[in-house]
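What follows is a short report on a single structure.
Numbered from 1 within each chain, the chains take letters A, B, ... in sequence-line order.
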Number of protein chains: 2
Amino acid sequence: MNAPSGQRASRQREVILRELCGLRCHPTADELYDRVRKTLPRISLGTVYRNLELMTENGLILKLGPGERRRFDGNAHPHPHVRCLACGRVDDIAPELEPPALTDADLQGYQIIGCTIEYTGICPDCRQASPAFLGTVPPGED
Amino acid sequence: MNAPSGQRASRQREVILRELCGLRCHPTADELYDRVRKTLPRISLGTVYRNLELMTENGLILKLGPGERRRFDGNAHPHPHVRCLACGRVDDIAPELEPPALTDADLQGYQIIGCTIEYTGICPDCRQASPAFLGTVPPGED
DNA sequence: TTCCGTGCAAACCCTTTGCACCTTT
DNA sequence: AAAGGTGCAAAGGGTTTGCACGGAA
């Protein structure tokens, strides 16, 4: 899961990773780009994106947020979903499930308004369509 | 929270809403566009987007997934996050928290691989900056 | 008659990609 | 030298928006 042999070290990658790991909040690609440019003024945004993608694949970092396009739900009451990593389909799951309660110590001054729970997995159709999904190893998607 | 007085009925909105509510999975805007076009062949994708946005604001439907741009996390181990609805900032929260377990009955044939938990709320900075956030009512953002 | 909603197309924005040059191995 | 990585700029793809027309109130 770590850097494949055919991969080389680069200063850009090193700086991006160090910068990202040094933050306790979670920046967007161009926020990170701005920060990294203080050290490497000539780096390009494309390089930042390429390396973030690479490091995600190598399991060094996490890509937050929806795998892909935005989706809509005709049921306006928040409830848990499952997203198929193979085909992107989204279904409801365990509708009765309640978001885990937080302690005051957890809050760090945040006022909580809601909670989104999204499981990821492989849907029945994709499991049937591709034997590769029958095992326990997740596919390469984010 | 429902349709403001200055809002009119339209066949397009009605068809979009009926179509969306009739689905048990959760389509993207253009998947919905394709379906709605079977009833209203001349509807435009822009109208679909505009109405989805409007219905989300009116609380009739749910927009799934984080509100905005993708973010990255230097910690590759999945863990819960909080997103500030006012400024978009994302922080870690309750790192020890485990995803709720699902029963076999919940799974519907899905093979579960992971789980994302994201709380939404107002961060300390925004609560301090804007008195409007001191109450319990969420702001209009998604 | 208002003025909100629509269709159309252009504009936007974030992200990805092709290419020639540079750097690591 | 070979092959991956970079900067730059253009292309992509989803979403938003300006405008003039159509339709609900």
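Atom CD1 in B:I43 sits roughly 14 Å away from atom P in D:dG23 (whole-Å rounding). Atoms OH (B:Y33) and P (D:dG14) sit 13 Å apart, rounded to a whole Å. Rounded to an integer number of Å, the gap from CD of B:E57 to C1' of D:dT16 is 13 Å. One can place CD of B:E31 at 11 Å from P of D:dG14, the figure rounded to the nearest angstrom. Here the P atom of nucleotide D:dT6 and the CZ atom of A:R37 are 16 Å apart, to the nearest Å. B:N51 has its CG atom 15 Å from the P atom of C:dC4, to the nearest Å. At whole-Å resolution of the value, CG in B:L17 and P in C:dG5 are 15 Å apart. For A:E14 and D:dG4, the CD to C1' distance is 17 Å, given to the nearest whole Å.
Here A:D30 lies out of heavy-atom contact (under 4.0 Å) with every strand.
Electrostatic pairing of B:E53 and B:K63 counts as a salt bridge here, judged by a charged N lying under 4.0 Å from a carboxylate O. One finds no salt bridge joining A:R83 and A:D91 here, because no Lys/Arg side-chain nitrogen approaches an Asp/Glu carboxylate oxygen to under 4.0 Å.
For A:H77 and A:H79, the ring centers are positioned 6.0 Å apart or more.
Checking the phosphate oxygens (OP1, OP2) of C:dT25, no side-chain nitrogen or oxygen of A:Q7 falls inside 4.0 Å. In terms of phosphate contacts, A:R11 brings no side-chain nitrogen or oxygen within less than 4.0 Å of OP1 or OP2 of D:dG5. Using a 4.0 Å cut-off, some side-chain N or O of A:Q12 falls inside it from OP1 or OP2 of D:dT6.
At a threshold of 4.5 Å between non-hydrogen side-chain atoms, the residues A:L102 and B:L97 count as touching.
Interface remark: the A:R13 side chain does not form any donor-acceptor pair with the D:dG4 base, using a distance-only criterion of under 3.5 Å. Remark: the B:R50 side chain and the D:dG18 base include a donor-acceptor N/O pair separated by less than 3.5 Å.
Side-chain proximity of B:T47 to C:dC3, D:dT6, C:dT6: nearest is C:dT6. Comparing atom distances between the A:R8 side chain and each of C:dT23, D:dG23, D:dG7 picks out C:dT23 as nearest.
Along DNA chain C, the nucleotide nearest to A:E53 and the one nearest to B:L54 differ in position, and the one closer to the 5' end is contacted by B:L54. Along DNA chain D, the nucleotide nearest B:L45 and the nucleotide nearest B:S10 are compared for position; the residue whose nucleotide lies closer to the 5' end is B:L45. Take the nearest nucleotide of DNA chain C for B:L40 and for B:F72: the residue whose nucleotide is more 5' is B:L40.
Figure legend: cation-pi geometry between A:R35 and A:Y33 absent, as NZ or CZ is not positioned both under 6.0 Å from the six-membered ring centre and within 45° of its axis.
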